[in-house]
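Okay, structure first, notes after.
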Amino acid sequence: MSKKLQSIRGIHDGLPDEVQIWQHIETIARRIFASYSTREVRLPILESTEVFVRSIGTETDIVSKEMYRFEDRNGDDICLRPEGTAGAVRAYLQAGLSRSGTQRWFYMGPMFRRERPQKGRLRQFQQIGVEWFGVAGPIEDIEVLTMASSFLDELGIKTRLEINSLGCPDCRPDYRKKLTQELEKCQDELCGTCQQRLSTNPLRILDCKQASCQALLKDIPEMTEHLCGICDAHFLTLQRGLKELGVPFLVNPRIVRGLDYYNRTAFEFISEELGAQGTVLAGGRYDGLVSQQGGPATSAIGFASGLERLGMLLAGKVKSPQIDATVVALGASTHIFSLQIAHTLRQQGFHISHCGTGSSKALFKRAAREQARYTLVIGEDELARQIISLRGDDEKHAFTLSQLIEHMTAS
RNA sequence: GUGGAUGUAGCUCAAUGGUAGAGCCCCGGCUUGUGAUGCCGGUGGUUGUGGGUUCGAGUCCCAUCAUCCACCCCA
């Protein structure tokens with residue numbers, strides 16, 4: 001006997017009940033994004049590792065520990081994409097679109113990160129993402145945020161929106177320096193990982209989860225108070241726009257990003273229902289990335305959202321597709337006739353399931369499970385007279401095929 | 001990567017170290033034409049996997065795999 005086969009760790013199957021929810025999410029995404037003239041791109045799942053090294057760098061654990069990276073047969077260093085933005089920028093530049101005006105893109109598809117899995121944190125997961133290129137903002141920041149907000153609203157997912165400004169290469173280094181100086185004063189009281197972060201990524205200390213660190217941060221200077229004039233104006237306009245457009249938000253100066261190409265607007269839509277995996281949609285401005293990948297200075301903003309997490313919040317709330325009719329064929333002699341009926345109805349655009357063979361009890365039980373609008377009963381009598389009965393009615397109320405089509409169309 | 005919890009039937013869960021069970025679901029019969037109720041019957045398990053201790057292991061020990069929780073990281 002062979003061992004039972006199973007999918008590999010953190011890589012799960014999408015079974016019909018879950019896929020149905022994903023498709024619902026995707027349908028709404030397509031509609032909302034289209035209303036912002038944002039068009040779909042389909043980008044590679046495999047990229048050369050260089051694409052991510054250039055955008056993510058080798059500083060964090062990401063490239064070294066958390067990517068599926070391997071050597072192709074010809075020696076190329078390639079990997080499964082861990083996110084969508086880097087590949088989108090690569091595609092944008094490869095197609096020479098930097099001289100074609102604003103590009104508004106969205107994508108949906110699988111991403112791969114080799115992390116310790118949890119619920120809502122898988123190694124293969126799916127993201128829906130948006131990237132807008134050539135948009136300096138803050139108008140586009142407001143639009144991207146209202147778009148994201150409409151998307152979640154339309155899904156009926158309750159979140160709170162938190163925004164922050166990360167500043168820019170002009171003002172962030174000063175703030176980082178000031179923050180580091182302040183934190184060095186109480187260095188010994190910081191938790192172990194934050195003492196590390198002091199040298200590697202001091203901004204990350206701002207969202208440390210240790211209560212002791214948060215207490216030390218109480219009187220620390222905030223990024224939002226140290227923005228340069230341009231960043232400050234950008235952030236204020238964004239806030240005013242959101243207010244005027246009725247998008248509720250909270251300024252959270254402790255939102256940070258792990259990578260340097262992010263600047264100014266950063267935002268997260270957070271659900272209360274998912275514990276530590278509560279961020280359901282996150283994004284921000286990344287004016288530095290296109291040039292970092294070797295292109296011309298190009299402003300850009302985007303966000304991404306995990307389908308699995310959205311799906312968990314919608315579990316049980318998405319209706320199954322309605323089947324129009326299910327066919328009960330009683331007795332072997334009726335099988336072909338019943339198949340012809342089903343076939344014709346399908347050609348008319350109806351959704352039909354056929355209950356197959358078995359005892360009448362089994363067939364009607366199967367039929368009931370389908371929860372179709374109609375159960376069509378076809379037995380010897382119906383076959384002889386070329387008619388179809390409905391469950392619950394006797395043969396006096398039977399339909400000819402054309403009458404049935406008319407009846408089903410009318411109701 | 002670190003720390004912790006949990007793995008018994010399709011699902012929810014029982015079982016002092018001593019014969020692996022219940023409810024629900026599924027299938028069939030009473031009832032070869034309308035998912036009732038009822039009764040009767042049935043399928044389904046190498047107790048995640050592999051070792052060890054023991055006369056005897058679902059139970060104790062070790063390893064491993066998976067899921068879940070928190071941390072790390074978070075693109």
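Because only heavy atoms are used, hydrogens play no part in the values below, and waters and symmetry mates are left out as well, while side chains stay in. Within every chain, numbering begins at 1; the chains are lettered A, B, ... in the order of the sequence lines, protein sequences first and strands thereafter.
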Between Leu122(A) and Arg366(A), which residue's closest nucleotide on RNA chain B lies nearer the 5′ terminus? Arg366(A)

The test is side-chain hydrogen bond (donor to acceptor under 3.5 Å, both in side chains); show your working for Trp132(A) and Thr38(A) and say whether it passes. CA-CA 8 Å; Trp132(A) 283 11; Thr38(A) 296; 3.0 Å; yes

Figure out the [atom1]/[atom2] separation between [X] and [N], and round it to whole Å.
| X | N | atom1 | atom2 | result |
| --- | --- | --- | --- | --- |
| Leu376(A) | U34(B) | CG | C1' | 13 Å |
| Gln6(A) | U67(B) | CD | P | 8 Å |
| Ile388(A) | G33(B) | CD1 | C1' | 16 Å |
| Phe364(A) | G35(B) | CZ | P | 8 Å |
| Arg9(A) | U49(B) | CZ | P | 19 Å |
| Glu308(A) | U67(B) | CD | P | 14 Å |
| Leu5(A) | A66(B) | CG | P | 14 Å |
| Ile387(A) | G33(B) | CD1 | C1' | 13 Å |

Counting neighbours of [atom1] on [X] that are heavy atoms of other residues, nucleotides or ligands and sit closer than 6.0 Å, is the number greater than 12?
| X | atom1 | answer |
| --- | --- | --- |
| Gln196(A) | CD | no |
| Ile139(A) | CD1 | no |
| His351(A) | NE2 | no |
| Gln371(A) | CD | no |

Which residue pairs pass the salt bridge (Lys or Arg N to Asp or Glu O under 4.0 Å) test with at least one member in residues 148-167 of chain A, sequence neighbours excluded? Arg31(A)-Glu154(A), Arg160(A)-Glu162(A), Arg160(A)-Glu272(A)

Can you tell me how far [atom1] in [N] sits from the matching atom in [M], rounded to whole Å?
| N | M | atom1 | answer |
| --- | --- | --- | --- |
| G35(B) | C25(B) | C1' | 15 Å |
| C26(B) | A36(B) | P | 11 Å |
| G41(B) | A5(B) | C1' | 41 Å |
| A22(B) | A9(B) | P | 14 Å |
| G21(B) | U2(B) | P | 41 Å |
| G23(B) | C65(B) | P | 38 Å |
| U8(B) | G45(B) | C1' | 8 Å |
| A14(B) | U54(B) | P | 31 Å |

What I want to find out is whether Lys178(A) reaches Glu222(A) closely enough, with some N-O distance under 4.0 Å, to be called a salt bridge. no

Could Arg385(A) and Glu382(A) be called an ion pair, given the rule that one side-chain N must be under 4.0 Å from one carboxylate O? no

Just N and O in the side chain of His12(A): are any of them under 4.0 Å from OP1 or OP2 of U67(B)? yes

Quick one: is C30(B) close enough that its OP1 or OP2 comes under 4.0 Å of any side-chain N or O from Lys361(A)? no

Under 4.0 Å between any heavy atoms, over every strand shown, what does Gly10(A) touch: base, sugar-phosphate, or nothing? Just pick one. sugar-phosphate

What contact category does Ala362(A) fall into here, base, sugar-phosphate, or nothing, at under 4.0 angstrom with non-hydrogen atoms? sugar-phosphate

Using a 4.0 Å heavy-atom cut-off, write out nucleotides 70-75 of chain B from 5' to 3' as B (base contacted by protein), S (sugar-phosphate only) or - (no contact). BSBBBB

May I ask you to decide if the ring planes of Phe33(A) and Phe303(A) are parallel, tilted or perpendicular, using 30° and 60° as cut-offs? perpendicular

Consecutive Watson-Crick or G-U pairs in runs of at least 3, all under 3.5 Å, in which RNA chain B is involved: B:1-7 with B:65-71, B:10-13 with B:21-24, B:26-30 with B:38-42, B:48-52 with B:60-64

Counting heavy atoms from C-beta on, name the nucleotide in A66(B), C69(B), C27(B) closest to the side chain of Arg369(A). C27(B)

Determine whether the aromatic ring centres of residues Phe125(A) and His12(A) are separated by less than 6.0 angstrom. no

Got a list of protein N/O to nucleotides 5-9 of chain B N/O distances below 3.5 Å?
none

Listed pairs under 3.5 Å, donor-acceptor, residues 108-120 of chain A side chains, sequence neighbours left out:
from: Arg113(A); atom 1: NE; to: Pro82(A); atom 2: O; distance (Å): 2.8
from: Arg113(A); atom 1: NH2; to: Pro82(A); atom 2: O; distance (Å): 3.1
from: Glu115(A); atom 1: OE1; to: Arg121(A); atom 2: NE; distance (Å): 3.4
from: Glu115(A); atom 1: OE2; to: Arg121(A); atom 2: NH2; distance (Å): 2.5
from: Gln118(A); atom 1: NE2; to: Gln277(A); atom 2: OE1; distance (Å): 3.0

Could you list the donor-acceptor pairs under 3.5 angstrom formed by side chains in residues 214-221 of chain A, with sequence neighbours left out?
from: Gln214(A); atom 1: OE1; to: Arg254(A); atom 2: NH1; distance (Å): 3.3
from: Gln214(A); atom 1: NE2; to: Leu206(A); atom 2: O; distance (Å): 3.2
from: Gln214(A); atom 1: NE2; to: Cys208(A); atom 2: O; distance (Å): 2.8

Between the side chains of His354(A) and Thr326(A), does any donor sit under 3.5 Å from an acceptor? no

